[in-house]
Amino acid sequence: MGYFDHINTIQYEGAQSLNPFAFKHYNPEEKIGGKTMEEQLRFSIAYWHTFTGDGSDPFGAGNMQRPWDHLQGMDLAKARVEAAFELFEKLNVPYFCFHDVDIAPEGHSLAETNRNLDEIVSMIKDYMKSSNTKLLWNTANMFKHPRFVHGAASSNNADVYAYAGAKVKKGLELAKELGAENYVFWGGREGYETLLNTDLKLELDNLGRFYHMALDYAKEIGYNGQFLIEPKPQEPTKHQYDFDVASGMAFLQKYDLSDHFKFNIEANHATLAGHTFEHELRYARINGMLGSVDANQGDTLLGWDTDEFPTDLYSTTLAMYEILKNGGLHQGGLNFDAKVRRGSFEADDLLHAHIAGMDSFAVGLKVAHQLIEDGVLDDFVSERYSSFTQGIGQQVVEGKADFHVLEKHALELGTIENHSGRQEWLKAVINQYLLNVNADGGLK
Ligand code: XLS
Ligand code: CA
Ligand code: CA
């Protein structure tokens with residue numbers, strides 16, 4: 001007896017299908033840009049939202065109806081593993097991600113917690129032997145337990161710092177054991193509330209030291225996964241240290257870590273930082289630091305981290321544009337760090353949500369691929385910057401200009417001519433591609 005027996009494996013039925021349990025655009029085998037959609041998109045399910053999350057929010061208790069609800073403790077943890085591998089197979093998703101506390105309950109001591117983890121990890125390892133689903137990344141939750149009230153690797157309390165080190169040590173061991181392709185650091189409480197009680201320099205220096213210790217330990221045990229920093233500007237802290245990609249890069253460079261880390265970019269964190277999703281992806285990409293993606297979306301009417309399933313095709317298209325320009329996600333993936341709304345409390349909603357997210361990114365992939373093939377944006381952008389391919393512009397780019405050269409050129413200029421940036425036209429072109437690339441008939 002399984003948890004999702006009433007649902008068959010989700011199949012691709014094409015854009016005209018009205019079957020709620022079918023993919024309309026995600027066709028894993030279909031090749032786009034020389035690779036299958038499965039290889040291009042590398043979808044992943046987030047264990048915490050889908051198997052551990054209960055729907056509780058600051059105003060109300062948990063309300064999700066899950067077929068494993070009657071269980072507790074380690075029995076509950078084991079049931080979740082069974083349910084997880086069943087859902088991975090039903091959705092044919094190649095990856096999953098977890099925090100340590102998502103998969104096993106915390107014990108009364110660190111040693112007991114680690115024993116719980118070991119038991120569940122060996123169960124997961126067994127399931128992975130016969131499953132196609134692999135571990136995209138794992139991480140340590142260093143924000144939930146009260147001990148992390150003042151942070152973890154940026155805490156004022158050295159005992160907490162040590163505890164955090166022990167958790168990441170264990171996390172790296174699990175990553176190696178399960179073959180995680182990446183290891184993520186999201187600094188949930190690595191930040192501060194007020195400078196009145198904060199030694200900013202010591203906290204940042206300690207954080208830098210902590211990441212070095214993690215790198216050293218990974219090397220020591222022979223764990224070769226990619227290290228990822230996941231930026232977020234705030235929430236739960238008022239000011240989180242890895243605010244966005246640009247500030248994360250400055251931090252990594254200062255502490256001599258930039259050769260060893262890439263970024264895990266979450267859409268909703270980008271918008272919380274006052275950026276677009278594609279801005280963060282572009283910023284990381286042009287610096288060779290786009291590692292992986294937490295695929296979700298925020299809500300323009302709500303100012304917080306709502307972690308909705310991604311359904312905005314405009315956003316998935318622009319995200320896939322960056323990802324394709326990056327030559328793909330490499331060992332990263334598109335992890336649905338997304339939760340069903342509180343009102344969507346039935347277990348079937350988990351399937352609807354993932355199908356919606358996977359289809360939305362499949363559309364984004366197809367449209368972005370076509371935009372790149374046709375060179376629509378590339379041609380426009382290169383024309384727009386063509387003044388830097390000749391004359392004074394070329395001298396600037398080749399490092400042959402100084403202020404004397406610039407002044408001489410400026411003094412000789414007559415009227416300066418600028419051209420329109422044509423953004424309304426470009427948006428209309430994207431709309432055309434969105435509608436045409438996917439127009440393969442009406443509904444049936
Ligand atoms: C929270 C973060 C978190 C990380 C992993 O906002 O998105 O879930 O992805 O700790
Ligand atoms: Ca995330
Ligand atoms: Ca989030």
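For the numbers below, each heavy atom of this structure counts, side chains included, while hydrogens, waters and symmetry mates do not. Both ligands and their constituent atoms are indexed starting at 1 by order of listing. Note that the structure is predicted; figures quoted are calculated from it, not measured.
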So, [X] and [Y]: side-chain donor and acceptor under 3.5 Å apart, yes or no?
| X | Y | value |
| --- | --- | --- |
| Asp349 | His352 | no |
| Asn296 | Glu266 | yes |
| Asp299 | Trp304 | no |

The Ca ion (ligand 2) to [X]: nearest N/O/S atom name:
| X | answer |
| --- | --- |
| Glu230 | OE2 |
| Glu266 | OE1 |
| Asp294 | OD2 |
| Asp337 | OD2 |

Checklist line | Test: Lys35 and Glu30 ion pair at under 4.0 Å | finding: no
Check: So how far is it from Tyr3 OH to Phe85 CZ, rounded to the nearest 0.5 Å?
Finding: 14.0 Å
Check: When you measure from the side chain of Asp57 to the backbone N and O of Phe59, does any donor-acceptor pair fall under 3.5 Å?
Finding: yes
Notebook entry, point to check: Just by modelled atom types, is the Ala319 backbone N or O under 3.5 Å from a matching donor or acceptor in the Glu278 side chain?
Noted result: no
Residue, atom name and distance, where the atom is the protein heavy atom closest to [atom]:
| atom | value |
| --- | --- |
| atom 3 (C) of ligand 1 | Trp186 CE3, 3.7 Å |
| atom 9 (O) of ligand 1 | Glu230 OE1, 2.7 Å |
| atom 8 (O) of ligand 1 | Asp337 OD2, 3.3 Å |

Next item on the list: Considering the heavy atoms of Trp48, write down every atom of ligand 1 situated less than 4.0 Å from one of them.
Entry: 8 (O)
Checklist line | Atom indices of ligand 1, in the order listed, that fall short of 4.0 Å to a heavy atom of Lys232 | finding: 1 (C), 6 (O)
Margin query: When you compare ligand 1 with Asp305, is there at least one nitrogen or oxygen pair between them that comes in under 3.5 angstrom?
Written below: yes
Item checked: Nearest neighbour of atom 5 (C) of ligand 1 from the list His49, Glu235, Glu266, His99, on a heavy-atom basis -> His99
Notebook entry, point to check: More than 12 non-hydrogen atoms from neighbouring residues, nucleotides or ligands closer than 6.0 Å to CD on Glu82, yes or no?
Noted result: yes
Notebook entry, point to check: Are Phe148 and Phe143 an aromatic pair by the rule of ring centers under 6.0 Å?
Noted result: no
Margin query: Check whether Tyr163 forms a cation-pi arrangement with Arg147 (NZ or CZ under 6.0 Å from the six-membered ring centre, at most 45° off the ring normal).
Written below: yes
Margin query: I'd like to know if the Ca ion (ligand 2) has an N/O/S atom from Asp307 within less than 3.0 Å of it, counting both backbone and side-chain atoms.
Written below: no
Next item on the list: Tell me, please, if Asp305 has any N/O/S atom, main chain or side chain, under 3.0 Å from the Ca ion (ligand 3)?
Entry: yes
Margin query: So, of the N/O/S atoms that His269 has, which is the nearest one to the Ca ion (ligand 3)?
Written below: NE2
Next item on the list: Pick one of side chain, backbone, both or neither for how Asp294 approaches ligand 1, counting any non-hydrogen atom pair under 4.0 Å.
Entry: side chain
